[in-house]
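Here's the structure we're looking at; comments come further down.
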Amino acid sequence: MWLAVLARVGLFAKGVSFALVGVLALELALGRGGKSTSRQGALATLADESFGTTLLVALAIGFAAYALWRVAQAFFEREEDDSKLWAKRLGYLGRAAVYFGLTYSVLKIAGGSAAESQNESARKTTAEVLDWPGGTWLVAVGGACAIGLGLYNGYRGISQSFVDKWDTARMSSAARRWTARVGTVGLLARLVVFALIGAFAVKAALQYEPSEAIGLDGALQKLADQSYGRWLLGLTALGLLAYAIYCFVDARYRKV
């Protein structure tokens with residue numbers, strides 16, 4: 001029971017964070033303000049709103065719940081194939097680390113600290129790693145992993161394998177069909193974002209130039225800077241909103 005609560009609260013908070021990024025990017029694409037930003041940057045926009053601090057703390061609790069759910073999966077989930085089990089465990093623990101970090105960032109924002117852009121963070125980290133022995137290879141491998149993660153998201157979207165994790169018996173056939181399509185759009189948007197982040201990390205390694213590294217905010221800005229940039233950014237923003245809806249559906253129907 002407690003595991004299901006952690007999962008549903010965490011997935012809902014995850015959806016809210018991507019919805020904020022998508023809305024801001026869509027507003028930028030439509031010329032109505034907005035900005036290309038990371039989830040931390042999007043959440044920072046809440047700080048100046050009424051009840052902003054309360055909302056941020058609530059989201060931080062949600063992100064912590066998501067991280068704890070992933071840790072629990074790493075320890076309690078069983079798999080007949082040991083090699084698959086350890087790969088899954090590493091994946092779960094990696095996601096937990098990301099969301100523990102996001103929890104910390106959001107609590108800092110709620111406490112009045114400015115949010116650091118993912119671009120700045122990516123460039124600082126890349127500069128540090130490039131100075132390590134074999135740093136160029138590490139950055140390149142990291143970029144390749146990001147591209148691989150993007151391709152995996154694309155595969156999940158096209159195959160709609162994520163539906164297997166839903167309790168579809170509780171859904172009408174129309175709801176199942178349309179939510180699966182929304183999930184596909186959302187995961188393909190993630191493919192675009194991760195592929196851009198990975199490609200520029202590889203470029204940073206090959207050119208030994210940390211300033212080439214980008215985060216989510218940088219990936220969205222790269223789209224905006226292209227020919228037909230508003231269209232590209234707008235479509236990606238809609239994709240991120242679709243991913244947010246997918247997270248909400250996942251929170252409601254996921255078998256935990």
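Within the 4.5 Å cutoff, no side-chain heavy atoms of S105 are placed close to those of F63. Inter-residue side-chain proximity for E27 and L24 is flagged as met; some heavy-atom pair is nearer than 4.5 Å. The shortest side-chain heavy-atom distance between V249 and W166 falls under the 4.5 Å cut-off. You'll find the side chain of R70 stays beyond 4.5 Å of the side chain of L93, heavy atoms only. Contact of the L196 side chain with the L223 side chain is registered, since non-hydrogen atoms from C-beta on lie closer than 4.5 Å. A heavy-atom distance below 4.5 Å is not found between the side chains of F75 and R89. Residues L188 and I158 are in side-chain contact: their nearest non-hydrogen atoms beyond the backbone lie under 4.5 Å apart.
By the ring pair (Phe, Tyr, Trp, His ring centres under 6.0 Å) test, Y66 pairs with W69, Y99, sequence neighbours left out. Considering only residues two or more places apart in sequence or on other chains, K165 meets the salt bridge (charged side-chain N to carboxylate O under 4.0 Å, His left out) condition with none of them.
The shortest non-hydrogen separation linking V57 to A110 is CG2-CB, 4.4 Å. Between A205 and A140, the shortest heavy-atom distance links the atoms CB-N, 3.7 Å. Closest approach of A72 to L3, counting heavy atoms only: CB-CD1, 3.3 Å.
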Taking it one step at a time, do F194 and L151 satisfy side-chain contact (heavy atoms from CB on, under 4.5 Å)? CA-CA 8 Å; F194 277 115; L151 292 172; over 6 Å; no

CA sep, side-chain torsions, deciding dist, call: V21, L220, side-chain contact (heavy atoms from CB on, under 4.5 Å): CA-CA 10 Å; V21 174; L220 294 174; 3.9 Å; yes

When you look at T168 and M171, which way does the side-chain contact (heavy atoms from CB on, under 4.5 Å) test go after all the steps? CA-CA 5 Å; T168 53; M171 306 170 74; 4.2 Å; yes

Decide yes or no on side-chain contact (heavy atoms from CB on, under 4.5 Å) for Y246 and T179, but give the supporting numbers first. CA-CA 7 Å; Y246 157 77; T179 52; over 6 Å; no

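Between the CG atom in L59 and the CZ atom in F12 there is a gap of 8.5 Å [rounded to 0.5 Å]. Note that CG of L26 is 10.0 Å distant from CG of L235, once rounded to the nearest 0.5 Å. Once rounded to the nearest 0.5 Å, the distance linking CZ of R181 with CZ of R176 reads 10.5 Å. One distance of note links CZ of R123 with OG of S211; it measures 6.0 Å at 0.5 Å rounding. The structure places CD1 of I109 at 8.0 Å from CG of L102, a figure rounded to the nearest 0.5 Å. Once rounded to the nearest 0.5 Å, the distance linking CZ of F200 with CD of E209 reads 12.5 Å.
Residue V139 belongs to a hydrophobic cluster whose other members are V129, L130, W132, L138, Y208, with links defined by side-chain heavy atoms closer than 4.5 Å.
Looking only at distances, a side-chain donor or acceptor of Q226 sits under 3.5 Å from a matching main-chain atom of K222. Side-chain atoms of R8 come within 3.5 Å of backbone atoms of A251 as a donor-acceptor pair (strictly under, hydrogens ignored). A distance-only check finds no donor-acceptor pair linking the side chain of K203 to the backbone of A213 [under 3.5 Å]. Side chain of T236 to main chain of A189: no donor-acceptor pair is present (N/O by atom type, distance under 3.5 Å, no hydrogens or angles). Side chain of T126 to backbone of P210: no donor-acceptor contact under 3.5 angstrom is found.
Checked against L187 for a side-chain contact (heavy atoms from CB on, under 4.5 Å), the options F162, Y152, Y155 give a single hit: F162.
Taking the centre and axis of the six-membered ring of Y243, the NZ or CZ atom of R190 falls inside the cone set by 45° and 6.0 Å.
Residue-environment remark: CZ (R156) exceeds the threshold of 12 foreign heavy atoms within 6.0 Å.
Tracing side-chain contacts under 4.5 Å through hydrophobic residues (I, L, V, M, F, W, Y), one reaches F248 starting from Y253; they form part of the same cluster.
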